[in-house]
Number of protein chains: 2
Amino acid sequence: METHPRQAKVTMQDVANYVGVSRTTVSFVLNGGTGNGIPQETRDRVLQAVTELGYRPNAGARALAAKHTKLYGLITEIVIAPYAANIVRGAEEQAAREGKTLLIASTDGSSDSDRRAIETMLEHRVEGLIYATSWHRGVRLPALTAEVPTVLVHCFDEAAQLHSVIPDEAQGGYAATMRLIRAGHDRIGFINLDPAIPAAVGRRSGYVCALEEAGIGLDEKLVINEDGEADQGYRAAAALLDGARPPTAIFCATDRMAMGAYDAIKERGFRIGDDISVVGFDNQEIIANYLRPSLTTVALPFRQMGATGVALLAKLAANRDLAPLQHIVECPLVERTSVRLPVPAS
Amino acid sequence: METHPRQAKVTMQDVANYVGVSRTTVSFVLNGGTGNGIPQETRDRVLQAVTELGYRPNAGARALAAKHTKLYGLITEIVIAPYAANIVRGAEEQAAREGKTLLIASTDGSSDSDRRAIETMLEHRVEGLIYATSWHRGVRLPALTAEVPTVLVHCFDEAAQLHSVIPDEAQGGYAATMRLIRAGHDRIGFINLDPAIPAAVGRRSGYVCALEEAGIGLDEKLVINEDGEADQGYRAAAALLDGARPPTAIFCATDRMAMGAYDAIKERGFRIGDDISVVGFDNQEIIANYLRPSLTTVALPFRQMGATGVALLAKLAANRDLAPLQHIVECPLVERTSVRLPVPAS
DNA sequence: CACATCCACTAACGCGCGTTAGTAACGCGC
DNA sequence: GCGCGTTACTAACGCGCGTTAGTGGATGTG
């Protein structure tokens with residue numbers, strides 16, 4: 001059983017010769033719809049030859065002649081924070097739906113690395129560019145991006161020149177807090193992130209808004225800002241629980257902090273989802289699913305953001321003068337078992 | 001500040017006209033080394049024009065003329081198991097080193113999806129193909145892969161026709177067990193995976209080998225097979241600890257099971273890394289780092305496997321008749337704090 | 001029988017580029 | 001003056017393909 005390593009690639013001309021028609025005819029049956037006057041019989045013979053010969057169009061040559069590549073570029077830090085990989089997933093699915101191919105490159109976030117990645121994309125003549133980050137923040141991209149429709153995902157343009165797709169942090173914070181309120185809690189601790197970052201701002205405003213709506217006064221003693229890691233969640237939860245008037249529920253702005261909070265709660269002999277409710281944020285499956293009890297949390301809609309980004313690219317290609325917009329995607333609450341059963345709606 | 005959306009792409013000819021030389025000359029200074037007789041002064045003028053005009057070579061056209069694309073394809077299930085994303089990282093880094101670009105596509109693992117992904121790759125005339133999986137197993141790829149050098153990463157060809165890069169599970173299991181032995185343990189529980197899968201086979205053989213080397217008899221009562229999830233780790237650890245002669249250390253074949261085991265151990269009032277040592281496998285940062293205490297575990301060398309895969313591709317391109325090989329990559333032990341301090345080497 | 005219509009195709013151009021084969025100008029030795 | 005070797009370029013082909021402008025034959029129409 002011999003493989004044919006150096007077998008010359010079969011071209012459209014080969015197919016044409018094989019069938020006994022011109023290359024143009026082959027091109028017509030392969031691309032043109034039914035418009036051209038080519039009878040079914042010829043079509044069949046061409047198609048037959050294509051499979052027999054194993055003909056495969058050359059994407060580069062096709063792009064050269066047709067002047068469009070059907071390529072979208074995706075630049076991401078996925079590599080740093082794998083859990084955001086679902087952005088890629090969503091983007092790929094949407095691209096496939098639109099008949100496009102995704103060229104993916106990663107960046108370490110430095111503007112040098114960004115520039116190189118974008119450069120590569122442009123050399124391949126992508127028809128749209130998505131830049132995705134692993135955490136929600138403002139970015140400033142090299143000016144190169146002006147050459148092609150660009151959409152930011154999970155980040156936004158500090159210069160407000162580019163479209164972006166970002167999660168609705170406030171709504172997420174609201175959903176988490178409201179879930180706790182509806183379970184009957186009225187002293188709800190909040191372990192938030194560095195108040196300077198967008199996620200912290202949004203989640204806090206959702207928290208505040210939910211409390212207000214429920215007529216619960218905001219108690220700043222119940223709010224602690226940390227950096228998102230598990231041990232900080234542990235410390236903050238411990239401080240909360242050992243305080244004068246401890247909360248009966250804790251909303252953690254990251255699942256990792258919730259993971260730490262679990263330890264603090266368990267150490268004190270409380271039972272999670274019973275004595276004390278916990279809600280996280282991020283829906284990092286690996287944590288939320290396997291924590292005991294499993295963690296009710298708010299999902300960052302990575303997959304949908306990726307898809308929205310690509311869909312937006314298509315719109316931009318059609319109309320490049322669309323004013324830059326922030327497209328906000330909802331963060332759904334994912335119910336698991338760390339919150340006590342809700343009080344039946346009154 | 002007007003952007004120039006539809007600005008026609010500048011071509012090599014534009015650069016030539018601008019400088020007042022022929023296109024060939026431009027091509028020479030851009031690609032040719034110093035071989036051609038082009039004086040520095042002309043070179044400088046061309047280079048100058050390139051930046052002034054913002055010329056960017058067209059990768060497709062170049063590939064068409066030069067008959068090589070400098071593209072490698074990477075097909076992966078990254079999307080299903082994000083934590084294996086480091087394969088992509090390693091592959092990208094290596095590709096960059098070799099001046100290649102990575103075309104990435106994902107598959108859901110179905111042979112249909114595989115075929116489509118490979119087809120896309122081939123249409124783009126990749127010069128090599130990497131197929132990476134999220135867990136170590138045998139795969140069978142569509143015959144299409146015969147058309148281009150192919151390397152499997154984190155999986156192997158059931159037909160033994162393709163090169164593969166796989167982790168040294170046995171050495172990993174050995175390292176984990178030996179670490180425990182050197183800490184003074186001689187009753188070491190082992191929560192393994194489904195014994196049918198390669199990871200379980202390898203890790204067990206490493207476990208057995210280490211025990212043997214230390215003169216510790218294998219006690220099958222200390223070995224439990226589970227499916228890798230946290231709750232199963234919990235159950236298995238509980239069974240081990242509640243048994244007649246409980247172990248003083250547990251080697252878990254996944255970090256997730258270690259996560260569950262932690263709970264079982266803590267519930268029984270033992271202190272991890274003190275009363276009872278635990279070693280995991282996978283080095284899932286998000287778990288291993290943030291578990292309390294942090295988890296000593298064995299790393300799957302994703303990044304290195306990715307890089308090795310790409311490097312292998314380069315070799316294959318040079319010599320397509322290399323006999324299919326399994327390239328085994330070491331799984332390093334990552335020390336954290338879940339094992340009690342080692343007995344000083346005697 | 002001349003002419004218009006359709007049908008089923010094909011010749012030929014050009015996309016942007018790498019590359020080969022050449023050319024024109026110049027200097028040098030005799 | 002001629003031959004020869006450099007130096008500094010350029011003309012032109014072809015990569016595989018989409019596409020436009022045809023062409024030649026069959027069929028209908030008056």
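Quick note on labels: first sequence line is chain A, next is B, and so on, each numbered from 1.
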Could you state the CD-C1' distance from A:E41 to C:dA8, rounded to the nearest angstrom?
-> 12 Å
Partners meeting ring pair (Phe, Tyr, Trp, His ring centres under 6.0 Å) with B:Y131 (sequence neighbours left out) = none
Quick one: A:R45 CZ to C:dA8 C1', roughly how many Å, whole number?
-> 12 Å
Give every donor-acceptor pair under 3.5 Å between a side-chain atom in residues 52-64 of chain B and any protein atom, sequence neighbours left out.
from, atom 1, to, atom 2, distance (Å)
B:E52, OE1, B:Y18, OH, 2.4
B:E52, OE2, B:Q48, NE2, 2.6
B:R56, NH1, A:E119, OE2, 2.1
B:R56, NH2, A:E147, OE1, 3.1
B:R56, NH2, A:E147, OE2, 2.6
B:N58, OD1, B:G60, N, 2.8
B:N58, OD1, B:A61, N, 3.0
B:R62, NH2, B:N31, OD1, 3.2

Output every pair passing salt bridge (Lys or Arg N to Asp or Glu O under 4.0 Å) with a member in residues 126-139 of chain B, not counting sequence neighbours, ordered by first then second residue.
-> B:E77-B:R137, B:K100-B:E127
Separation of C:dG14 atom P from B:L64 atom CG, nearest Å, is 17 Å
Rounded off to whole Å, could you give me the CD-to-P distance for the B:Q40 and D:dC9 pair?
-> 12 Å
With sequence neighbours excluded, what pairs up with B:Q40 under the side-chain hydrogen bond (donor to acceptor under 3.5 Å, both in side chains) test?
-> B:D44
Which residues satisfy the side-chain hydrogen bond (donor to acceptor under 3.5 Å, both in side chains) test with A:S111, sequence neighbours excluded?
-> none
Is any side-chain N or O of A:T25 closer than 4.0 Å to OP1 or OP2 of C:dT10?
-> yes
Any pair counted as salt bridge (Lys or Arg N to Asp or Glu O under 4.0 Å), so long as it reaches residues 19-32 of chain B, sequence neighbours left out = none
With sequence neighbours excluded, tell me which residues meet side-chain hydrogen bond (donor to acceptor under 3.5 Å, both in side chains) with B:S110.
-> B:D108
Take the C1' atoms of the five end pairs on each side of the helix from C:dC1-D:dG30 to C:dC30-D:dG1, get both axes, and report the angle to 10 degrees.
-> 70°
Could you go through the side-chain contact (heavy atoms from CB on, under 4.5 Å) check for A:D157 and A:L141 one step at a time?
-> CA-CA 8 Å; A:D157 183 13; A:L141 256 42; over 6 Å; no
B/S/- contact track for nucleotides 17-22 of chain C, protein heavy atom under 4.0 Å = BBBB--
